[in-house]
Each structure stands twice: as C-alpha cells, then as structure tokens.
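Read the structure below first, then the notes.
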Amino acid sequence: MPELPEVETVVRDLRPAVSQQRVTGIWVGPHSLRRIWQPEWSEQVAGDTILGLTRRGKWMRMPMQRGGELLWHLGMTGQMTVHAISDPLADHLHLRMQWESGHELRFRDIRRFGSVDWFASSAQLDAFLAERLGPEPFDLTDSQLAAALQRTTRPIKAALLDQLIVAGVGNIYADEALFRAHLPPQKPANQLTADEITQLRLAIVHVIEHAIDGRGSTIRNYVGGSGLEGSYQDEHQVYGRTDQPCRNCATAIHCVRIAGRSSHYCPQCQPESLAVQAATAPAKRKRRG
DNA sequence: CCGACGTCCTGCTAGC
DNA sequence: TGCTAGCAGGACGTCG
C-alpha cells in the first residue's frame, strides 16, 4: 500500500528515466482505473516531452513541455516501471506510455485503486491538489498540526489518515508514528496536549524519513520504479504485528478497527486514558455485514 | 457541518 | 484437497 515513502521511492527511481522522453503514443488497457482515461488525452500527450516527475502527498505529477500535466496515483497495488517497448507484458497492465527512445512507462495495478489523470494546465492541477492535501510532513509545524487537531473529535488515528491534515501518511506510518509518540490510536484528536502534538509531529517525520531511507515498506505488491522491493517493513514496530510481542516491552500488540482501518498498537507503550479505555474496550473486533 | 460507514477491486489465506 | 468467506486499504460518495 504505497504511502509517502513508497511514492517518493518510485519518483526518485523514475525521474532520471522519464525526464526528457518524447511521447509517441499511449496504450490503454480494457479495464478502467479509478478515473477513466479519455481518448483525447492521448492526442494531447502524443508528441509532447516529459519535463520531470515530482511527488505531493501520495500523488505524482508529471509536467509536460507544452504546459499540461499528468497526475498519477498508485492506489493500493499500483506499480510504475520503465521497459523496452518489446519487453514481455505483465498481467494487470492498464497504461503504457511509449517513447521515441524505444522504451515505455508501464502502469500496472492489480486492484485498480490507482489513477492516471490529465490536466491541461499546472494551475488546474495545483487547484485539484490544494483542495485535497494539507502540508507535507516535513513542512508541517506544531501550530498547524495543533490547529487542525483542535477542530476534530475523531480518533487521532483517523485524523492522521486525513490528507488535509498531513499529506502522505497512510495506515502503516500512522500506526508507526503513534507508537513512536506513545499515543493510543483511539485518543480523540482534540485531547492531545501541546507536548504530545510536538512528539507526534516529530514521530511522523522520523518514521517517514527512515522509511524513505529503506525504500519504503513492501507488504504485498509494492515495488519501486526500479522494480526493487522496500525494506522498511522489517523496522515496523506495530503494523502487521498483531499478537506479537512489543519490541519495547514484550506486551502483545493489539489490533482494533478505527476509521474502517486496522490499527495496531501496544497497550503498554501507548496507554489509553481511563475514559477512552472504558469507551472503546468492548469493541475489540467488529464484523462487517 | 461533521463523522461514521459503504464502495470499489483482486489475490491471498484461514478455516471448515 | 477443495471451496469460500473474509480481509487488505486510498479516496470518495452517501447517509444520519
């Protein structure tokens, strides 16, 4: 499940390979992605040259020389890799962008939660992202985070998944950051103290930075732009470690559902207040109907 | 307005 | 051994 560190790894891997490539054609697969590729976009992109590849949150933007931009999202299982046009095709391919060089960019996505979008101008894309994304973790300030958390009574875990509060954090790094900050995921966002907010912000930056250093976490299908898997999953303290001993205190890691997502935490290292405990303890596991 | 929950999608796997 | 229900979750729509 690509989050900021995985997307950053893909961008760093791909940027040298895609930059200055001149597009000769687009091939679109029979199954639509989250957004349907419009045939006229192919005409817009053909003959244009890629200027680069940058990341914002979990999105990747690919500016073109004529002023348009492509916007990519890997969803859950998206993969972007560069191949010779003649290379054998994998299954679940949804888009191939062919270049004058004889190479092409391939977008593969098993679960089709990903998307590729065309924007006629950078200003339109700026506006699209501005209404969906808050600050990058590295740019986030204590006062920004405090103001955003003050506005909501949602569990802090749910707030961290909100891309308008901080861009790029997903389920894995939200759990890891909360562990590092010694905060239980159930704690209402507006009940964090100023010190807890600082610790949480530092924890987010720490886990994101170290995950980027490890080329992200490979849980199921994730690979970087070079096709290499990540290694940060070996550093996970709580995510995916239900019933396993906490690496700090050996207490069994708990798993609860918050905001519809599995949330892993150590009940010893991330103690809940008595009030929160009483409110959430009975709801250990919820089935969906 | 806010927050909780459902939806999409496919591969894997726990459990019978 | 074979079948299937359930689970994984990012973004977004809907409902109370």
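Numbered from 1 within each chain, the chains take letters A, B, ... in sequence-line order. Quantities reported herein were computed from a predicted structural model and do not represent experimental measurements.
Along DNA chain B, the nucleotide nearest A:R154 and the nucleotide nearest A:H92 are compared for position; the residue whose nucleotide lies closer to the 5' end is A:R154. With the nearest nucleotide of DNA chain B identified for both A:S32 and A:P155, A:P155 has the one nearer the 5' end.
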Dot-bracket, 5' to 3', for DNA chain C please: Watson-Crick or G-U pairs under 3.5 Å, [ ] where pairs cross earlier ones, | where the partner sits on another strand, dots elsewhere. .|||||||||||||||
Are A:W37 and A:S42 close enough, and set up right, to give a side-chain hydrogen bond (donor to acceptor under 3.5 Å, both in side chains), and what steps lead you there? CA-CA 9 Å; A:W37 178 269; A:S42 298; 2.9 Å; yes
Under the side-chain hydrogen bond (donor to acceptor under 3.5 Å, both in side chains) criterion, do A:D109 and A:H94 qualify, and how do the steps go? CA-CA 7 Å; A:D109 186 358; A:H94 299 107; 5.4 Å; no
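When each of B:dG3, B:dT10, C:dG10 is scored by its nearest atom to the side-chain atoms of A:I110, the top-ranked nucleotide is B:dT10. Ranking B:dG3, B:dG11, B:dC9 by closeness to the A:R112 side chain, first place goes to B:dC9. Of the candidates C:dC12, C:dA11, C:dA8, C:dA11 carries the atom nearest the A:Q163 side chain, counting heavy atoms from C-beta on. Checking C:dC12, B:dG3, C:dA8 against every side-chain atom of A:T153, the shortest atom distance belongs to B:dG3.
A:Q79 pairs in a side chain to side chain donor-acceptor pair (under 3.5 Å) with only one of the listed residues (A:R106, A:R108, A:H92), which is A:R108.
Rounded to whole Å, the distance from CZ on A:R111 to C1' on B:dT7 is 14 Å. As rounded to whole Å, 16 Å separates atom C1' of C:dA11 from atom CD1 of A:I36. Atom CG of A:N190 is separated from atom C1' of B:dG3 by 13 Å (rounded to the nearest Å). Distance, A:D162 CG to B:dG3 P: 9 Å, rounded to whole Å. The NZ atom of A:K157 sits 9 Å away from the P atom of C:dG10 (whole-angstrom rounding). Between A:L74 atom CG and B:dC8 atom P there is a gap of 22 Å when expressed in whole angstrom units. Rounded to whole Å, the distance from CG on A:L71 to P on C:dC12 is 10 Å. Between the C1' atom of C:dA8 and the CD atom of A:Q233 lies a distance of 16 Å, rounded to the nearest Å.
A salt bridge does not link A:R56 to A:D126: none of the charged side-chain nitrogens sits closer than 4.0 Å to a carboxylate oxygen. Between A:R215 and A:E6 there is no salt bridge, since none of the side-chain N atoms of the basic residue sits less than 4.0 Å from a carboxylate O of the acidic one. For A:R22 and A:D48, the salt-bridge test fails: no basic side-chain N is under 4.0 Å from an acidic carboxylate O.
The base of C:dG10 is paired with the side chain of A:R261 by a donor and an acceptor separated by under 3.5 Å. Remark: the A:R34 side chain and the C:dA11 base include a donor-acceptor N/O pair separated by less than 3.5 Å.
Here A:R96 pairs with A:E104 under the salt bridge (Lys or Arg N to Asp or Glu O under 4.0 Å) rule; sequence neighbours left out. With sequence neighbours excluded, no residue satisfies ring-ring contact (aromatic ring centres under 6.0 Å, His included) with A:F179. Judged as a side chain to side chain contact (heavy atoms under 4.5 Å, CB included), and not counting sequence neighbours, the contacts of A:I212 are A:L4, A:P5, A:E8, A:R12, A:F138, A:I208.
At least one side-chain nitrogen or oxygen of A:T152 sits closer than 4.0 Å to the OP1 or OP2 atom of B:dG3. Under 4.0 angstrom from either OP1 or OP2 of C:dA11 there lies no side-chain N or O belonging to A:R35. Proximity of A:R151 to the phosphate of B:dC2: no side-chain N or O atom is located under 4.0 Å from OP1 or OP2.
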Distances under 3.5 Å only, N/O to N/O: pair up the protein atoms with those of nucleotides 13-16 of chain C.
none

Can you give me every donor-acceptor pair (side chain of residues 244-252 of chain A, partner residue at least two apart or in another chain, under 3.5 Å) with its distance?
{"from": "A:R247", "atom 1": "NE", "to": "A:H236", "atom 2": "O", "distance (Å)": "3.0"}
{"from": "A:R247", "atom 1": "NH2", "to": "A:H236", "atom 2": "O", "distance (Å)": "3.1"}

